[in-house]
Amino acid sequence: SNCPVTDNLTGTPSGTCAATLDPGTNYQLILTSGMTDLAGNNLAIDNYTLFRTREAPSIIATFPDNGSEKISISVEPRFQFDSSMKPNSFIDNVSVTVDCVPYPTSGSDCGFYSSYDSTADNLTVNPTGSWPGNTTITVTIKGRNGNFPYSGIYEATDGIFMPSDYVMNFKTSVIDNTLSDNLSHGLVAFYRFNGNANDETNNA
């Protein structure tokens, strides 16, 4: 009576408590002496069995570290899991989201696509182009949201959801356009000069 009675993935009634025990929980199963076999014989004494269910999946490491600053605008954030995850539970803009503050009005945006490596148990968030400079990028990997249909990520073996959202943020470095502008202007001047290298005035 103290554990969920809905299927973890579909949200439909399972009919028995045993179908959806809570992850990472100690349970005690008691077979009482009042039980009888088919011949009507009582169990001599109460029988106790203790067991613990498998832990819910979790993220154990990230790159870059949460709260990092001056990070390259081309960085591809990675999330390491402690167990194998179901690849199709990672849905961009649903169970994996990215926010930018301030949100860019032009140039680079917050577009991304994610990819899960089942051999290494890690998720990579790839920017589409590059992240905007001098911007706080927040990546959220969503756990079970408590409502059906569930939008969170879950592990591959038993479909156990990550219990809560995992939020990581980093701040990109400032993009200095002055140097690139100077290099561009210098390059134009170089080509113009070399293009008229035979001109006596330019040679002078």
Side-chain angles (χ1 to χ4, degrees), residues 9 56-147 149-157 159-196:
L9 299 179
S58 64
I59 295 173
I60 55 177
T62 67
F63 174 82
D65 291 334
N66 187 27
S68 298
E69 297 186 353
K70 298 180 180 180
I71 301 300
S72 168
I73 59 174
S74 60
V75 69
E76 298 175 345
R78 291 193 302 274
F79 299 82
Q80 179 72 48
F81 291 86
D82 64 353
S83 56
S84 296
M85 306 298 292
K86 192 73 170 178
N88 60 9
S89 70
F90 296 102
I91 304 174
D92 294 348
N93 298 310
V94 177
S95 59
V96 181
T97 64
V98 173
D99 293 306
C100 293
V101 177
Y103 194 84
T105 56
S106 63
S108 302
D109 59 25
C110 278
F112 75 98
Y113 64 94
S114 65
S115 56
Y116 179 72
D117 182 355
S118 57
T119 59
D121 296 330
N122 64 49
L123 177 76
T124 301
V125 177
N126 311 275
T128 54
S130 60
W131 305 113
N134 197 29
T135 300
T136 297
I137 312 295
T138 300
V139 182
T140 302
I141 313 297
K142 293 189 176 182
R144 179 172 174 172
N145 58 17
N147 300 310
Y150 308 121
S151 61
I153 63 169
Y154 50 90
E155 51 90 58
T157 303
I160 302 174
F161 280 84
M162 189 169 71
S164 59
D165 293 355
Y166 188 95
V167 181
M168 185 268 277
N169 66 74
F170 60 92
K171 189 170 185 178
T172 55
S173 57
V174 177
I175 300 176
D176 187 358
N177 293 323
T178 304
L179 178 60
S180 61
D181 289 343
N182 289 340
L183 288 174
S184 297
H185 294 155
L187 193 59
V188 170
F190 172 79
Y191 280 123
R192 284 178 177 171
F193 180 82
N194 281 353
N196 298 311

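Here the structure is a predicted model, which means the values were calculated and not measured.
- The closest side-chain heavy-atom distance from Thr124 to Asp117 is not below 4.5 Å.
- The heavy-atom pair separating Asn66 from Asn169 by the smallest distance is OD1-N, 2.9 Å.
- A distance of 10.0 Å separates NZ of Lys171 from NZ of Lys70, quoted to the nearest 0.5 Å.
- The backbone N or O of Ser58 lies less than 3.5 Å from a partner atom in the side chain of Asp82, making a donor-acceptor pair.
- Taking all atoms of both residues into account, the shortest heavy-atom contact from Asn122 to Phe81 is CA-CD1, 4.5 Å.
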Evaluation steps, side chain to side chain contact (heavy atoms under 4.5 Å, CB included), between Ile153 and Ile141: CA-CA 8 Å; Ile153 63 169; Ile141 313 297; 3.3 Å; yes

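- The CG atom of Asn93 lies 4.5 Å from the CZ atom of Phe112; values are rounded to the nearest 0.5 Å.
- Closest approach of Asn134 and Thr172 over heavy atoms only: N-OG1, 3.0 Å.
- Here the side chains of Asp121 and Gln80 are in contact, with some heavy-atom distance below 4.5 Å.
- The distance from atom OH of Tyr166 to atom OG1 of Thr62, rounded to the nearest 0.5 Å, is 4.5 Å.
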Intermediate values then yes/no, side chain to side chain contact (heavy atoms under 4.5 Å, CB included), Ile71 and Trp131: CA-CA 10 Å; Ile71 301 300; Trp131 305 113; over 6 Å; no

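- Using a 4.5 Å heavy-atom threshold, the side chains of Thr157 and Ser83 count as separate.
- Annotation for Pro57 and Phe161: closest pair CD-O, 3.6 Å, computed over non-hydrogen atoms.
- Between Glu155 and Ser84, the shortest heavy-atom contact is CB-O, 3.2 Å.
- A 4.5 Å side-chain heavy-atom check between Glu76 and Pro127 finds at least one atom pair inside the cut-off.
- Of the possible donor and acceptor atoms, one in the side chain of Ser95 sits under 3.5 Å from a partner among the backbone N and O of Ser89.
- Ring-plane geometry between Phe90 and Tyr116 is classed as parallel, the angle between the planes falling under 30 degrees on a 0 to 90 degree scale with a further cut at 60.
- To the nearest 0.5 Å, the span separating CD1 on Ile59 from CG on Asp165 amounts to 10.0 Å.
- The heavy-atom pair separating Val98 from Cys110 by the smallest distance is CG1-O, 4.2 Å.
- With rounding to the nearest 0.5 angstrom, the CE atom of Met85 is 9.5 Å from the OH atom of Tyr154.
- Once rounded to the nearest 0.5 Å, the distance linking OH of Tyr103 with OG1 of Thr135 reads 11.0 Å.
- Looking only at atom types and distance, the side chain of Ser114 has a donor-acceptor partner in the side chain of Asp92 under 3.5 Å away.
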